[in-house]
Amino acid sequence: MSKKSKIIVGAMALGVVLALVLSKGLATKDIDMLNSTAEVEITAENLLSVLGEGNQKAIDSLKSERVFEVAGWVKETNLMNGRITVLLKGNEDLPPYIICDMMPHQKKAVSQLKPNDSVKIKGIFKGFLKDAVFLDCIITFSQTND
């Protein structure tokens, strides 16, 4: 490979890296979750039903980066490794689940949740692979179901 070709390939690689970095930076939304209004209100059962059916058209209609408020039941909570996570389930305790990555100030509220408690969690829908993923989540309602 000639020196000129190496320069062109290097410049193209640098351009691709810069484009990816800029697009990621521009695509990130800073949302004040405490004061934001949910664009979509849905039950965990309905959301998981759409995702579990594998209907790609219905899944594609659930646009990422939107604020959702999801009502469901706590499957489990996790306060390990500096992450605060709530796993929601629908009526059945079967996959898929909803993974809610909570905001840091939600640690006390999450520590009080128990399996099968009813909750409403508001967060930014990031997408679905095996489970639905939400980021920057806050608890908007909880009820103990002993």
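Because the structure is a prediction, the values reported are computed rather than measured. Along the sequence shown, residues carry numbers from 1.
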Go through it in stages, so that I can follow the logic: the residues are Asp117 and Ser142, the test is side chain to side chain contact (heavy atoms under 4.5 Å, CB included), and I'd like the CA-CA distance, side-chain angles, deciding distance and then a yes or no. CA-CA 7 Å; Asp117 282 355; Ser142 68; 5.9 Å; no

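- Using modelled atom types, one finds no donor on one side chain facing an acceptor on the other under 3.5 Å when comparing Asn46 with Ser49.
- Enclosure of atom NZ in Lys89 by more than 12 non-hydrogen atoms of other residues, nucleotides or ligands within 6.0 angstrom is indicated.
- Residue pairs meeting the salt bridge (charged side-chain N to carboxylate O under 4.0 Å, His left out) criterion with at least one member in residues 70-88, sequence neighbours excluded: Lys75-Asp93, Arg83-Asp101.
- The SG atom of Cys100 sits 13.0 Å away from atom CG of Asn78, with the distance rounded to the nearest 0.5 Å.
- Classified by interplanar angle (parallel below 30°, tilted 30° to 60°, perpendicular above 60°), the ring pair Phe68/Phe125 is tilted.
- Using a distance-only test at 3.5 Å, with no hydrogens or angles considered, no donor-acceptor pair links the side chain of Gln143 to the main chain of Val119.
- In this structure, Ser118 contributes its side chain and Trp73 its backbone to no donor-acceptor pair below 3.5 Å.
- Residues Phe128 and Tyr97 do not share a hydrophobic cluster, clusters being chains of Ile/Leu/Val/Met/Phe/Trp/Tyr side chains in contact below 4.5 Å.
- Judged by distance alone, with hydrogens and angles left aside, the side-chain atoms of Glu69 form no donor-acceptor pair with the main-chain N or O of Glu41 at under 3.5 Å.
- Ion pair Lys126/Glu65 flagged as a salt bridge, since at least one NZ, NE, NH1 or NH2 atom sits closer than 4.0 Å to an Asp/Glu carboxylate oxygen.
- Val70 is listed as a side-chain neighbour of Ile98, based on a closest heavy-atom distance under 4.5 Å.
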Enumerate, atom names and distances included, each donor-acceptor pair closer than 3.5 Å involving a side-chain atom of residues 31-38, sequence neighbours excluded.
unit_1	atom_1	unit_2	atom_2	d
Asp32	OD1	Leu34	N	3.4
Asp32	OD2	Asn35	ND2	2.6
Ser36	OG	Met33	O	3.2

